[in-house]
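Given the structure is predicted, the values throughout are model-derived calculations rather than measurements.
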Amino acid sequence: MPPRPLLAVWIALVALVPIAAFMANGVVLSLAVMALGAPGITLWPRWLRLRMIGLVPIAISALLMWMAITAPWALDPGEAAGKALRLPGLFLLALAAIALGDCASPELARRMVRALALAMVGLIALVGIEFAAGGLFLRQAKDYHRELLVLGLDMTLSQYTIWRVQHALTRSAVVLLALGPLVICSLVNSSISRNLIYAVIGAGLLMVLMLPFTMAQLAMAVAATGAAVAWYRPRLAGSMLTIILLGLLMGLPLLALVIDPVHPFGFDAPHWPPGIQHRLYIWHFTAERITERPWAGWGLESARAIPGGETIVRIFKDGMPITDDAVMLPLHPHNVLLQIWLEGGTIGAMLAGAGILGLGPLLARLRADRKLYAASIASTCAIATLALTSVGLWQEWFLALIALTFAFAVISARAKLG
């Protein structure tokens with residue numbers, strides 16, 4: 001074992017909590033993976049000998065290689081080349097973090113799990129204080145000038161500051177949804193008072209519900225459903241997850257193409273929530289661009305510079321137009337499967353499909369412990385929901401969070417199953 005591996009875990013978690021909660025900056029989430037994964041590099045060769053490389057890491061490696069190949073014809077080759085160099089490093093560190101957890105002693109793994117639980121409790125407390133205080137800490141770190149006021153919001157500077165703070169804290173909800181089920185699993189199996197456990201769970205749920213992030217609330221519902229299915233029908237849960245994700249991978253481009261953003265399925269979209277209206281435009285526009293380069297795609301990180309992406313679309317609230325109109329494609333399609341098709345084409349989609357096929361067997365290794373399996377399915381469902389509605393495929397903070405979640409699932413399995 002590397003010296004003081006638990007210290008690396010604490011560094012990772014200490015970095016994770018304040019940045020995710022207050023700065024809304026994902027760079028340190030990547031550093032958290034580095035802190036956790038760096039000591040595991042020495043264990044990597046041994047781990048690879050003990051564990052056969054499965055379909056998921058092979059598919060991810062192939063996808064990253066393909067996206068690097070697309071960089072020369074990407075719309076921004078410089079940005080694509082930089083991303084192509086960073087992503088493999090993050091992936092290798094993630095494997096090292098998993099190796100560290102998988103080779104740890106059961107006692108050390110239990111300490112790591114307790115560290116995770118303590119960090120998440122701290123995250124809930126800090127975000128609660130920040131939200132209730134209207135940005136007590138974040139207002140000191142970020143200066144919101146009057147000229148930054150968004151036209152049409154009709155807010156004072158103080159109201160605008162609180163609005164920005166609340167939206168900055170939504171990333172903390174993503175962290176809780178990804179890691180929360182594993183934390184709940186560890187708390188349930190601990191000697192902590194049941195009343196205290198219920199209080200922590202209730203506080204976490206309240207935090208997700210009070211933040212202005214509808215997709216997080218949707219992800220929470222999907223995660224709860226996935227956990228219930230995994231608890232009562234473990235084999236069915238893995239199969240359903242694979243089938244649904246594969247179906248979405250193959251069907252989303254066509255569905256998004258045929259949907260009319262103004263009158264989807266015959267309904268009047270202007271009466272829907274503004275975020276959903278905007279996503280309908282984004283997904284329809286992305287599907288149209290996919291048809292233009294269906295085989296090899298537009299290239300890595302090209303979603304940021306797609307022709308026509310800066311076109312203004314009219315969004316409504318309560319049936320009335322909002323004056324701060326949105327652009328057709330802001331940075332990314334807010335759907336990782338559509339982004340794979342857009343930037344990687346059919347080849348990228350096939351490699352993503354291979355990774356999805358390997359996901360079920362990978363999670364099935366945890367079925368020996370029903371609670372841990374249900375928690376892992378819940379985390380996967382939450383991450384998948386957010387990936388399909390809110391984040392970009394190559395956002396390193398989100399990829400780092402996925403790596404941390406999987407690493408702690410492995411650590412939890414080590415702690416419980418030995």
Worksheet item: In terms of heavy-atom contacts, does CZ of Arg86 have more than 12 from other residues, nucleotides or ligands at under 6.0 Å?
Response: yes
Fill in: NZ-CD distance between Lys83 and Glu301, expressed to the nearest 0.5 angstrom
4.5 Å
Discussion item. Run Met220 and Leu209 through side-chain contact (heavy atoms from CB on, under 4.5 Å) and show every step you take.
Written reply: CA-CA 9 Å; Met220 185 170 63; Leu209 291 173; 3.5 Å; yes
Worksheet item: What is the minimum heavy-atom distance between Ala407 and Ile98, and which atoms define it?
Response: CA-CG1, 4.1 Å
Item to complete: Work out which heavy atom in His332 is nearest to a heavy atom in Ser390; give both atom names and the distance.
Response: CE1-O, 3.6 Å
Fill in: Spatial distance of atom CD1 (Ile340) from atom CH2 (Trp394) [nearest 0.5 Å]
6.5 Å
Item to complete: Starting from the C-alpha separation in whole Å, work towards a yes-or-no answer on side-chain contact (heavy atoms from CB on, under 4.5 Å) for Trp341 and Thr286.
Response: CA-CA 9 Å; Trp341 277 100; Thr286 300; over 6 Å; no
Discussion item. Treating His284 as the side-chain partner and Ile259 as the backbone partner, does any N or O pair qualify as donor plus acceptor under 3.5 Å?
Written reply: yes
Worksheet entry | Check against side-chain contact (heavy atoms from CB on, under 4.5 Å), Thr225 and Cys381 | CA-CA 9 Å; Thr225 303; Cys381 288; over 6 Å; no
Fill in: Reported CD1-to-CZ distance for the pair Ile315 and Arg279, which is rounded to 0.5 angstrom
10.5 Å
Discussion item. To check you understand the geometry: which heavy-atom pair defines the closest contact between Trp283 and Thr389, and what is its length?
Written reply: CZ2-CA, 4.4 Å
Worksheet item: Is it true that a side-chain atom of Ser302 and a backbone atom of Leu75 form a donor plus acceptor pair closer than 3.5 Å?
Response: yes
Item to complete: Can you measure from SG (Cys185) to CZ (Arg370) and round to the nearest 0.5 angstrom?
Response: 13.0 Å
Fill in: Those residues that, when tested against His278, pass ring pair (Phe, Tyr, Trp, His ring centres under 6.0 Å) (two or more places apart)
none
Discussion item. I need the minimum non-hydrogen distance between Val200 and Ile124, along with the two atoms involved.
Written reply: O-CD1, 3.9 Å
Worksheet item: Under the 3.5 angstrom rule, does the side chain of Thr346 hit a backbone N or O of Pro294 as a donor-acceptor pair?
Response: yes
Discussion item. Can a donor-acceptor pair be found, under 3.5 Å and without considering hydrogens, that links the side chain of Gln339 to the backbone of Gly392?
Written reply: no
Fill in: Backbone of Val188 reached by a side-chain donor or acceptor of Arg194 within 3.5 Å
yes
Worksheet entry | Donor-acceptor contact below 3.5 Å, side chain Ser379 vs main chain Ser376 | no
Practice prompt. Might you confirm whether atom CE of Met350 has over 12 heavy atoms from other residues, nucleotides or ligands at distances under 6.0 Å?
Written response: no
Fill in: Minimum-distance pair of heavy atoms, taken over all atoms of Tyr373 and Pro234
OH-O, 2.9 Å
Worksheet item: Which heavy atom in Leu245 sits nearest to a heavy atom in Ala384, and how many Å separate them?
Response: CD2-CB, 4.3 Å
Fill in: CA sep, side-chain torsions, deciding dist, call: Leu362, Phe406, side-chain contact (heavy atoms from CB on, under 4.5 Å)
CA-CA 11 Å; Leu362 194 64; Phe406 191 82; 3.5 Å; yes
